[in-house]
2 protein chains.
Amino acid sequence: MILLSAVEENYLKYIFQLSEISDRGIVKTNDLAYKLEHSAASVTDMLKKLSDKKLVAYKKYYGVSLTKTGLQIAVQVLRKHRLWETFLVKNLKFTWDQVHAIAEQLEHIQSDELIDRMDEYLGHPKFDPHGDPIPDKQGVFSSANVICLADAKLKKQYLLANVNDESSAFLKYLNKIQLKLNDKIKILDKEEFDETIQIMINEKKQMTISKDAAQNMFVKVV
Amino acid sequence: MILLSAVEENYLKYIFQLSEISDRGIVKTNDLAYKLEHSAASVTDMLKKLSDKKLVAYKKYYGVSLTKTGLQIAVQVLRKHRLWETFLVKNLKFTWDQVHAIAEQLEHIQSDELIDRMDEYLGHPKFDPHGDPIPDKQGVFSSANVICLADAKLKKQYLLANVNDESSAFLKYLNKIQLKLNDKIKILDKEEFDETIQIMINEKKQMTISKDAAQNMFVKVV
DNA sequence: TATTATTTTTAGATTAGCCTAAATTTTAAA
DNA sequence: TTTAAAATTTAGGCTAATCTAAAAATAATA
Ligand SMILES: [Mn+2]
Ligand SMILES: [Mn+2]
Ligand SMILES: [Mn+2]
Ligand SMILES: [Mn+2]
């Protein structure tokens with residue numbers, strides 16, 4: 001059991017998240033630097049350290065990817081983050097826009113026992129308050145089969161299944177327009193000019209949302 | 001709102017705890033070094049920094065004490081520690097010997113909102129699983145009026161009100177002899193030779209405990 | 001009161017994790 | 001294919017938090 005610093009854990013977590021939206025799981029230095037809000041030079045330094053610890057495969061000027069060990073750790077950090085978010089919303093009655101920043105701290109508490117008991121206490125939830133899947137103790141995610149609302153088809157009935165939790169502003173916007181997870185969404189029209197989308201919510205409320213908003217929302221078919 | 005590092009918070013917390021058992025609230029460098037398991041040189045360095053931040057009053061070669069601000073912060077850290085311990089035992093079913101180390105981490109999570117909601121969630125508990133008083137949001141402790149079992153009188157009925165939580169070994173010993181908070185304790189005899197104490201627990205179980213054990217137990221009169 | 005022992009501070013180093021500026025490598029454009 | 005731009009790494013520096021060894025101050029003892 002290698003003990004990592006919170007900083008190292010964050011690197012692995014972000015490499016994991018970026019690798020999921022990159023080709024062949026290769027993450028570029030600058031993308032990490034942007035995500036972490038650090039200089040590229042700092043990132044290079046840390047990648048060398050993580051490479052020495054065999055947590056990442058790093059090739060100069062090419063990019064970085066997680067090793068098996070690195071992946072396992074990254075997934076466990078995500079598990080902790082999402083379980084804590086679930087606790088904060090379900091039990092402590094935080095709103096979904098308030099929990100990310102606190103979970104960023106709590107995810108680094110080192111105690112397997114603690115997170116196992118928390119998982120048990122919460123009844124082994126499969127998804128967090130933003131619809132993100134919570135990996136189990138073995139690191140297995142339950143897949144949700146969602147598509148981005150921006151890519152969804154016209155006239156089909158969907159459910160809001162997952163939202164991007166990292167922007168409190170976006171979640172507050174959803175609060176304001178009273179859109180929640182599991183609400184029904186049907187796309188009435190897409191405007192070609194500015195890519196705004198006309199949607200019907202829960203078969204009664206109609207509204208227009210921007211492309212930007214739609215790209216942060218993920219839906220599944222009913 | 002000054003944001004302190006976990007290290008700085010720990011210094012304030014330990015200065016507070018040591019000041020409570022010292023004369024005129026003055027804490028010596030070496031005592032802090034022993035508590036923190038750091039070198040005395042490191043302690044001197046940090047005391048200068050905390051002094052610059054007006055969190056402690058530090059006089060070279062003499063000792064250190066908390067300023068008003070330093071005291072407030074120290075008490076809030078203790079509050080967090082004890083509320084977390086309470087949560088871990090009450091809700092997550094940890095035993096009292098398992099929670100201190102985890103609470104040492106959790107006490108440094110920075111979020112007033114979080115600890116306020118946790119306090120509410122737990123029903124504003126006044127004492128933690130070890131019988132230590134939990135200061136309220138304003139930093140006020142409810143006093144317990146306890147005396148050390150080593151100093152308690154013969155033949156009087158007491159309740160076990162508070163134990164030293166920092167040694168898991170001691171708490172495990174109490175588990176083994178099945179002694180819990182609020183158990184009745186009467187001192188039957190004190191042996192002058194080795195200062196062992198004969199006690200009667202809950203009016204039915206008799207046993208001998210060492211001076212060392214008695215010094216870690218605090219009782220109140222029934 | 002001198003001398004010795006203990007405590008505390010100072011001096012100088014080290015490591016983790018950041019930075020900026022300069023150099024290098026890769027990619028894109030002309 | 002040469003040149004310019006962009007991405008990345010290297011070099012050198014900084015701060016927080018630790019350390020050890022040496023110096024200085026205080027306390028204890030003869
Ligand atoms: Mn989150
Ligand atoms: Mn989330
Ligand atoms: Mn404790
Ligand atoms: Mn306690």
Side-chain angles (χ1 to χ4, degrees), chain A residues 2-15 18-19 21-65 70 73-74 77 104-105 107-108 110, chain B residues 2-15 18-19 21-65 70 73-74 77 104-105 107-108 110:
Chain A
I2 342 106
L3 275 203
L4 299 187
S5 71
V7 168
E8 292 171 315
E9 288 190 338
N10 273 332
Y11 267 83
L12 297 179
K13 181 183 62 172
Y14 288 128
I15 292 169
L18 290 173
S19 74
I21 53 167
S22 77
D23 44 84
R24 280 155 299 124
I26 300 302
V27 175
K28 310 300 304 246
T29 300
N30 266 1
D31 294 343
L32 252 180
Y34 179 79
K35 192 82 158 168
L36 287 155
E37 300 180 86
H38 287 167
S39 73
S42 302
V43 171
T44 300
D45 274 0
M46 181 59 82
L47 291 183
K48 284 191 216 157
K49 271 201 284 178
L50 293 174
S51 184
D52 291 345
K53 293 189 178 186
K54 309 254 191 271
L55 298 169
V56 303
Y58 167 59
K59 214 167 98 189
K60 266 211 263 186
Y61 292 104
Y62 171 70
V64 71
S65 61
I73 294 168
V77 174
E104 287 288 306
Q105 297 180 63
E107 72 190 6
H108 303 295
Q110 313 246 257
Chain B
I2 341 107
L3 275 204
L4 299 186
S5 70
V7 168
E8 291 171 314
E9 288 190 339
N10 273 333
Y11 267 84
L12 297 178
K13 180 183 64 173
Y14 288 127
I15 292 169
L18 289 174
S19 74
I21 52 168
S22 77
D23 44 84
R24 280 155 299 124
I26 300 302
V27 175
K28 310 300 303 238
T29 299
N30 266 2
D31 294 343
L32 251 180
Y34 178 79
K35 193 80 160 170
L36 288 155
E37 299 182 84
H38 289 167
S39 72
S42 304
V43 171
T44 300
D45 274 0
M46 182 59 82
L47 291 183
K48 284 190 216 156
K49 271 201 285 176
L50 293 174
S51 184
D52 291 345
K53 294 190 179 188
K54 309 256 190 272
L55 299 169
V56 302
Y58 167 59
K59 215 168 97 189
K60 266 211 258 187
Y61 292 104
Y62 171 71
V64 72
S65 61
I73 295 169
V77 174
E104 287 288 308
Q105 297 180 65
E107 73 190 4
H108 303 294
Q110 309 261 1

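A note on names: the letters A, B, ... follow the listed sequences, proteins ahead of strands, and every chain is numbered from 1.
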(message) Quick check: do Thr44(B) and Tyr58(B) have side-chain heavy atoms less than 4.5 Å from each other?
(response) yes

(request) By nearest nucleotide on DNA chain C, pick out whichever of Met46(A) and Tyr61(A) is the more 5' one. (result) Met46(A)

(request) Between Ser5(B) and Ala40(B), just flag the one whose closest nucleotide in DNA chain D comes earlier from the 5' side. (result) Ser5(B)

(request) Work out which heavy atom in Gly25(A) is nearest to a heavy atom in Ser65(A); give both atom names and the distance. (result) O-CB, 3.5 Å

(request) May I have the distance from Lys48(A) (atom NZ) to dG17(C) (atom C1'), rounded to whole angstrom? (result) 14 Å

(request) Let me know which of Ile73(A), Leu47(A), Ile15(A), Val64(A) forms a side-chain contact (heavy atoms from CB on, under 4.5 Å) with Leu55(A). (result) Ile73(A)

(request) With the side chain counted from C-beta on, respond yes when Val56(B) and Val27(B) share a heavy-atom pair under 4.5 Å apart, and no when they do not. (result) no

(request) Can you tell me the distance, in whole Å, between the OH atom of Tyr11(A) and the C1' atom of dC18(C)? (result) 8 Å

(message) Less than 4.5 Å apart, side chain to side chain, heavy atoms only: is that true for Lys13(B) and Asn10(B)?
(response) yes

(message) Could you tell me if the side chain of Gln110(A) sits less than 4.5 Å from the side chain of Gln105(B), heavy atoms only?
(response) yes

(message) Which heavy atom of Ala40(A) sits nearest to which heavy atom of Asn30(A), and what is that distance?
(response) CB-OD1, 3.5 Å

(request) Look at the side chain of Lys28(B) and decide which nucleotide, out of dT20(C), dT9(C), dT8(C), has an atom nearest to it. (result) dT8(C)

(message) Can you identify which nucleotide, out of dT24(C), dC18(C), dT10(C), has its nearest atom closest to the Asp45(A) side chain?
(response) dC18(C)

(message) Both Ala6(A) and Ser42(B) contact DNA chain C. Which one's nearest nucleotide lies toward the 5' end?
(response) Ser42(B)

(request) For residues Tyr11(A) and Val43(A), determine if any side-chain heavy atom of one lies less than 4.5 Å from a side-chain heavy atom of the other. (result) yes

(request) Can you tell me the distance, in whole Å, between the CG atom of Leu47(B) and the P atom of dT9(C)? (result) 7 Å

(message) What is the distance, to the nearest angstrom, from the CG atom on Leu12(A) to the P atom on dG17(C)?
(response) 12 Å

(message) Distance under 4.0 Å to a non-hydrogen atom of chain A counts as contact; along DNA chain D, which nucleotides mark the start and end?
(response) dA7(D) to dT10(D)

(message) Expressed as a whole number of angstroms, how long is the span from Glu8(A):CD to dA16(C):P?
(response) 9 Å

(request) Mind calculating the distance between NZ (Lys60(A)) and P (dT24(C)) to the nearest angstrom? (result) 11 Å

(request) For DNA chain C, find the residues of residues 29-39 of chain A with a heavy-atom distance under 4.0 Å and give them by number; none if there aren't any. (result) Glu37(A), His38(A), Ser39(A)

(message) Once salt bridge (Lys or Arg N to Asp or Glu O under 4.0 Å) is applied, what residue pairs with a partner in residues 52-63 of chain B remain, sequence neighbours excluded?
(response) Glu8(B)-Lys53(B)

(request) Describe the nucleic acid contact of Tyr58(A) in one word from base, sugar-phosphate, nothing, applying a heavy-atom distance below 4.0 Å. (result) sugar-phosphate

